[in-house]
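Report on one structure; see the data block that follows.
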Amino acid sequence: MMDLPSPPKSLWREMAPAAEDTPAPQGNISCDVAVVGGGFTGLHAAHAFADAGLSVAIFEAGPVGLGGSGRNGGVVSAKFRRGFAELAKSHGLDTARRMHGIANASVDHLIATIERFDLQEAGFRRVGALKCAHTEAAFDHAREEAEWLEKTLGETGLHVLDRGAVVEETGCDGFVGGILQDRAGALQPLAYLQGLWAAARARGIDIYSRTPVTDISETGAGVRLRIPGGEVLAGQAFVATNAYSSLTGATRRLAHSLVPFRSSIVATAKLPVDLNARLLTHERSYTETRRMMRWFRKVDGRIIFGGRGALGHVESPAALRRLEQAMRTIFPMLGDVAVDYRWSGYVALSMDGLPMAGMLSDRIGYAAGFNGAGVAMSGYVGDQVAQLMTGRPHELALIARASLLAVPFYAFRSIGVRAVTFSYELMDAAGL
């Protein structure tokens, strides 16, 4: 059992007001659907269950936003970890079209949710995302990918930017060009999550923080969940614990199908006026094309810089130092600008690089494995599994799984990920 992590000292927590904790009362609770996990996935599913007229109770192990939904970079994108051309090659063009539709629908769903519940505090802006190529070969590949998406899948809003345009927009001269995607956006993830919690409470959904579910079992009448001080009796249950599925034994089965990978973020102090005017002028989200991909954006006059490469159950100062060094390599003009915030959280990697969703049994559904691209996708998939569980139309394509695939040699997963990470870092250093 993993120890409950501490709330991170992040920029998001500094910007968002503290949310009220609502631990479950002592005694037993009954509902139509119990949702385990109070992140994006669980909240969107809960709203969908409530739309179907069901009584819903949500149980979050820690305070609001303790998990990945309160720690991520807030990048809203219509993509999966695997590219659509690769999916077409491995699963056929029709399936790739379905997955492309799901990716775009996930962003539309997020925007519709913000409008439905008037979540202005989330600060969503459809500012676009710019993929910055670090070599001519990477630029060529990105252009070919964009052309394929336009011609084959009818993707719109893609623009090729030459070196000068990328330098002008980013303020960095280390990129040779880039591809801009208009549909993407960015938000304040913790504020978005808190808005979803408040909307759930306002419509009568029971939502409990600091209430871990320690056991889930099925009975003749439904599902029994054990919580501190009592039990929950529900007709159905939905598990939405993602990369934090090893917190208790109740979700161990799901945990063994995922590899938790620590993703880290640093945020600078507010930039001097001249730098603020030069860097990331359109305030989009930005990624680079190296294998150890880094991303960055500007929020509140600060550079936020994130990436993967750390492992383990505790935050790694060395990994955060490497991340800061990578930021200063891309932005050497930052000079002595201080870093005010450093935090990290788990991303859930699946075996095939795609989200996983479906039924663990006739009464227990799940969704997990968003592979670092879950701000929009996690909520959409949570909604779609709720549609499935209530007998309504839904679309999951390759995300739907007939069964969970356990990670081979699960006990040694960290060693395997470290080996892959190290090889990527070597290839990036060699310019390959």
Side-chain angles (χ1 to χ4, degrees), residues 5-22 37-47 58 60 62-77 106-127 129 184-203 205 207-210 240 242 244 263 265-268 270 280 283-285 295-306 340-347 370 372-380 382-383:
S6 300
K9 184 181 180 295
S10 70
L11 177 61
W12 309 139
R13 287 194 177 271
E14 182 72 19
M15 295 173 68
E20 178 186 357
D21 276 330
T22 53
F40 295 150
T41 310
L43 265 294
H44 280 271
H47 282 294
I58 305 172
E60 166 61 37
V64 181
L66 184 67
S69 296
R71 296 171 182 258
N72 66 82
V75 175
V76 177
S77 57
S106 73
V107 176
D108 293 340
H109 176 75
L110 179 143
I111 294 171
T113 301
I114 289 173
E115 293 175 350
R116 176 186 181 185
F117 298 119
D118 193 27
L119 305 182
Q120 298 302 315
E121 65 276 10
F124 174 74
R125 297 174 61 209
R126 201 164 200 166
V127 289
L187 49 64
Q188 209 280 45
L190 181 58
Y192 176 50
L193 180 64
Q194 290 177 344
L196 291 172
W197 274 62
R201 285 198 186 100
R203 63 185 305 196
I205 294 173
I207 184 162
Y208 304 109
S209 57
R210 301 185 189 274
N242 202 32
Y244 294 81
S263 183
I265 301 175
V266 297
T268 69
K270 289 197 175 186
L280 310 184
E283 300 191 0
R284 313 186 200 278
S285 64
W295 61 266
F296 40 96
R297 53 183 291 216
K298 188 164 68 175
V299 177
D300 192 33
R302 308 168 187 268
I303 299 293
I304 299 181
F305 195 91
D340 280 356
Y341 300 93
R342 301 172 177 87
W343 73 97
S344 65
Y346 284 124
V347 168
F370 298 101
V375 174
M377 187 60 64
S378 60
Y380 178 77
D383 173 87

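For this chain, numbers begin at 1 and follow the sequence in order.
Inter-residue side-chain proximity for Val107 and Tyr380 is flagged as unmet; no heavy-atom pair is nearer than 4.5 Å. Residues Asn242 and Phe40 fail the side-chain proximity criterion, which asks for heavy atoms closer than 4.5 Å. At least one side-chain heavy atom of Trp12 sits under 4.5 Å from a side-chain heavy atom of Pro189. The shortest side-chain heavy-atom distance between Val75 and Val375 does not fall under the 4.5 Å cut-off. Taking the side chain as every heavy atom from C-beta outward, Pro7 and Pro63 approach each other to under 4.5 Å. Inter-residue side-chain proximity for Leu11 and Asp340 is flagged as unmet; no heavy-atom pair is nearer than 4.5 Å.
Between Val76 and the choices Leu187, Ile111, Val127, the side chain to side chain contact (heavy atoms under 4.5 Å, CB included) rule is met once, by Leu187.
Formation of a donor-acceptor pair under 3.5 Å by the Arg71 side chain with backbone atoms of Gly345 is not found in this model. In terms of modelled atom types and a separation under 3.5 Å, the side chain of Ser344 and the main chain of Ile265 share no donor-acceptor contact. No donor-acceptor distance shorter than 3.5 angstrom exists from the side chain of Asp300 to the backbone of Arg302, with no hydrogens or angles considered. At distances below 3.5 Å, not a single donor-acceptor pair connects side-chain atoms of Asp118 with backbone N or O atoms of Glu115. Using a distance-only test at 3.5 Å, with no hydrogens or angles considered, no donor-acceptor pair links the side chain of Tyr244 to the main chain of Leu66. In this structure, the side chain of Ser69 does not engage the main chain of Gly65 through any donor-acceptor pair within 3.5 Å. Without hydrogens or angle criteria, Glu60 side chain to Ser209 main chain gives no donor-acceptor distance under 3.5 Å.
Closest approach of Ala122 and Ala191 over heavy atoms only: CA-CB, 4.2 Å. Taking all atoms of both residues into account, the shortest heavy-atom contact from Phe124 to Gly185 is CE1-CA, 4.1 Å. The minimum heavy-atom distance linking Arg13 with Leu190 is given by the pair CG-CD2, 3.5 Å. Of all heavy-atom pairs spanning Lys298 and Leu280, the tightest one is CE-O, 3.5 Å. Residue Ala376 comes nearest to Leu110 through the heavy atom pair CA-CD1, 4.0 Å, listed as atom of the first residue, atom of the second, then distance.
Salt bridge absent: Lys9 and Glu14 never bring a charged side-chain N and a carboxylate O closer than 4.0 Å.
Pairs passing the side-chain hydrogen bond (donor to acceptor under 3.5 Å, both in side chains) check and including a residue from residues 186-198, sequence neighbours excluded, read His44-Tyr192.
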Under the side chain to side chain donor-acceptor pair (under 3.5 Å) rule, what do Arg203 and His47 come out as? Steps first, then yes or no, please. CA-CA 9 Å; Arg203 63 185 305 196; His47 282 294; 3.1 Å; yes

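Expressed to the nearest 0.5 Å, how far CE of Met15 lies from OG of Ser10 amounts to 10.0 Å.
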